[in-house]
Protein chains: 4
Amino acid sequence: MRVIADLCLVPIGVGVSVSKQIAACERVLSEAGLKTKLHAYGTNIEGEWDDVFAAIKRCHEVVHAMGAPRISSNLRFGTRTDRQQTMEEKIQSVEQKRPW
Amino acid sequence: MRVIADLCLVPIGVGVSVSKQIAACERVLSEAGLKTKLHAYGTNIEGEWDDVFAAIKRCHEVVHAMGAPRISSNLRFGTRTDRQQTMEEKIQSVEQKRPW
Amino acid sequence: MRVIADLCLVPIGVGVSVSKQIAACERVLSEAGLKTKLHAYGTNIEGEWDDVFAAIKRCHEVVHAMGAPRISSNLRFGTRTDRQQTMEEKIQSVEQKRPW
Amino acid sequence: MRVIADLCLVPIGVGVSVSKQIAACERVLSEAGLKTKLHAYGTNIEGEWDDVFAAIKRCHEVVHAMGAPRISSNLRFGTRTDRQQTMEEKIQSVEQKRPW
């Protein structure tokens, strides 16, 4: 089962800057061989379900190991059985509807 | 690693009522032996990371098998290494701060 | 336009415990006359759109005033035009599908 | 109060394709003069709090007017008082931590 997900991970108890932890997650996701795209409020992730969720678990482990005592994440994730669709195709399908 | 999560699963392409699919997810989570609590915009889930995420995968599989061609879920999930905390304790820790 | 929402507000830069801030938000929502229900990963809120979102803005203002330099919130919110539905009715409509 | 938000709006009861409605929301946000950036699981939005939330309300109104009887949205939104930060700066601050 393919999944397109979007992860927003918030380390708690490490102060006001969290970019170091987000960069570490990017690295985890990339090393897992997943297709990812960072945006201003999360990271798009595309891959097989088990690979995506194993990498997300690893993100929590790594951010805890970096010293964060607490993490609160928000994940959007979508699956479909009618057809395959990549992250790029999702964006294109919206862009094609722009008549303006 | 213990996790407290909150799942909001939205089947797409099955019409306007989605309660049948949510009830099926409740059953999946319950049969997985997880502690759960339904609320008006999702379901609280507490358990070991692997158990929680295996059950969430099963929810997507079951809702697709019920006929939904597409599912979009939103999941909040939190882990902590400083101490263990149950769903009830999270609620109590807020309620104890009510001075009003 | 009625809305049923679910707010999960995370203050950043105030340390590992955030229950004091969540309790303050509860008070803001309650003083706004909104129907609310705290759960283990957020707060259900029901009311008119403008009242709900004015109160959510006030939550951010109050939590900043309490000293949080940064806040990251997650909000689920649903509207419908086919019929009115309360928070209790949403829960009941799932519970009625439980055949197990 | 400036806010950086990320909106994922899901029309329910309009079938499996929702790109037409997402494109209409893009237009609403753009016509409101907000800075936006579409990604594979939502749309980044930056602006003044009242402008951003007025436009999000308008998105729900427009998507209902297009025929969707029900909408379920997920919104992440962040505010900070320690300093101003744009969407581009959020991304750059993560990219600068990439040592790999």
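Protein chains get the first letters and strands the later ones, always in sequence-line order, with residue 1 at the start of each.
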Q.
How about CZ on Arg2(B), more than 12 heavy atoms from neighbouring residues, nucleotides or ligands closer than 6.0 Å, or not?
A. yes
Q) Quick one: of Ser17(B), Ala40(B), Cys8(B), Gly42(B), who has the most non-hydrogen atom pairs under 4.5 Å with chain C? A) Ala40(B)
Q) In chain order, what residues pass the salt bridge (Lys or Arg N to Asp or Glu O under 4.0 Å) check against Lys37(B), with sequence neighbours excluded? A) none
Q: Spell out the residues in residues 76-93 of chain B that have some non-hydrogen atom less than 4.5 Å away from a non-hydrogen atom of chain C, in order of number; otherwise answer 'none'.
A: Arg76(B), Phe77(B), Gly78(B), Arg80(B), Asp82(B), Met87(B), Lys90(B), Ile91(B), Ser93(B)
Q. Are more than 12 heavy atoms from other residues, nucleotides or ligands located less than 6.0 Å from atom NZ of Lys35(C)?
A. yes
(Q) I need the Tyr41(B) OH to Leu75(C) CG distance, nearest 0.5 Å. (A) 8.5 Å
Q) Is there side-chain contact between Ile22(C) and Lys97(B), with heavy atoms separated by less than 4.5 Å? A) no
